[in-house]
Amino acid sequence: MNRWSLANFSALIFALGLAVLLFAVSVQLPLANAPMLVGNSIIAQGVADTGAANLVTAVVLAYRGLDTLGELSILFAAAGVVGLLLTGAKAAQSPLPAGGFVVSSAVHLLTPLLFVVGFYIIFHGHLTPGGGFQGGVILAMAFFLPYLVDYKPLQQEHQRLTLIESVAGGSFIVIGLFSLFSGQAFLQPFLGHGAFGNLWSAGTLPLLYIAVGLKVGSELSSLLINLLHAEDE
Amino acid sequence: MVLWLAITIAIMLLAALSVLFLPNMIAAVMASSVVSLCLTLIFVFLKAPDVAMTEAAIGAGLGSLILAIGLKKLGYLSLDKQGDQDE
């Protein structure tokens, strides 16, 4: 193949142009001392407003709850499109070779630990770094790991995952509507703040994060299973 | 702090370049997950633990897994060099 073909040359020019552009922008940006216009007021009032010890959660679920709902619907659309594209005949036998002793022992050891870590990160999202998205991905990993060692018929699992996903996504919206009909803004936290730093605190934020975690976890695991079991062309 | 950042970025660039030049596909996937792990470290240095956890779980874990499933589907998931398989 000709190394210096026109396509390679134009790709090189594109990369150089992008580098120059990024360099020019990054020289102009006030990276180390950006003006904190909204951030300072959230840092000042966040705990009083929401009662969450982790201010990132306060922003994600309380101040910008509607954006999180948008993020969830993007994830839902992506998983739905993958499911739509990969439906059809599923492989009858396992697409992976049976795992050996080392892999199966490691999977049996790691799966319960991963479930515990994932649920811990979800439940403590309003107290420590982490939350529904991070914990949900870990849950999806924990659900997917056993598929590496032995094969299960997937139809039933798939229905269960879809049920969990719909219930979680629905409850996120229902919690938001609850606060809307009790005279507040959509998704504004209610149920009181509780004692600062306790597990039972920050009102509805932990409930919202549990819904997010279950939805992300079930969506990603059904996406992975769909990818793994799609019939080879 | 700046020194550690510079070392991490150097490792990240090396890993990103080796994705292009490694002859083995699995090694290339591993190198791309090294890029994500270095990015996780940088987020930790910059005191953004939430973003670091997301990057570790999605970039290093889920991303590599999806790439590996893709390799499996394309029939490239073997420990031999790519050139050996083609001959």
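In what follows, chains are A, B, ... by sequence order, proteins preceding strands, each numbered from 1. The figures here come from the full heavy-atom set of this structure, side chains too, leaving out hydrogens, waters and symmetry mates.
Residue-environment remark: CZ (F76(A)) stays at or below the threshold of 12 foreign heavy atoms within 6.0 Å.
Proximity to chain A (any heavy atom under 4.5 Å) is restricted, for I69(B), to the side chain, taken from C-beta onward. When heavy atoms are compared at a cutoff of 4.5 Å, L65(B) approaches chain A solely by way of its side chain, counted from C-beta outward.
Contacts between residues 107-119 of chain A and chain B, counted as heavy-atom pairs separated by less than 4.5 Å, involve no residue at all. Residues of residues 122-137 of chain A lying under 4.5 angstrom from chain B, judged on non-hydrogen atoms, are P129(A), G130(A), Q134(A), V137(A) by number.
Under the 4.5 Å side-chain criterion, counting only non-hydrogen atoms from C-beta, D50(B) is not in contact with V60(A). Side chains of L62(B) and L224(A) form a contact here, defined as non-hydrogen atoms less than 4.5 Å apart.
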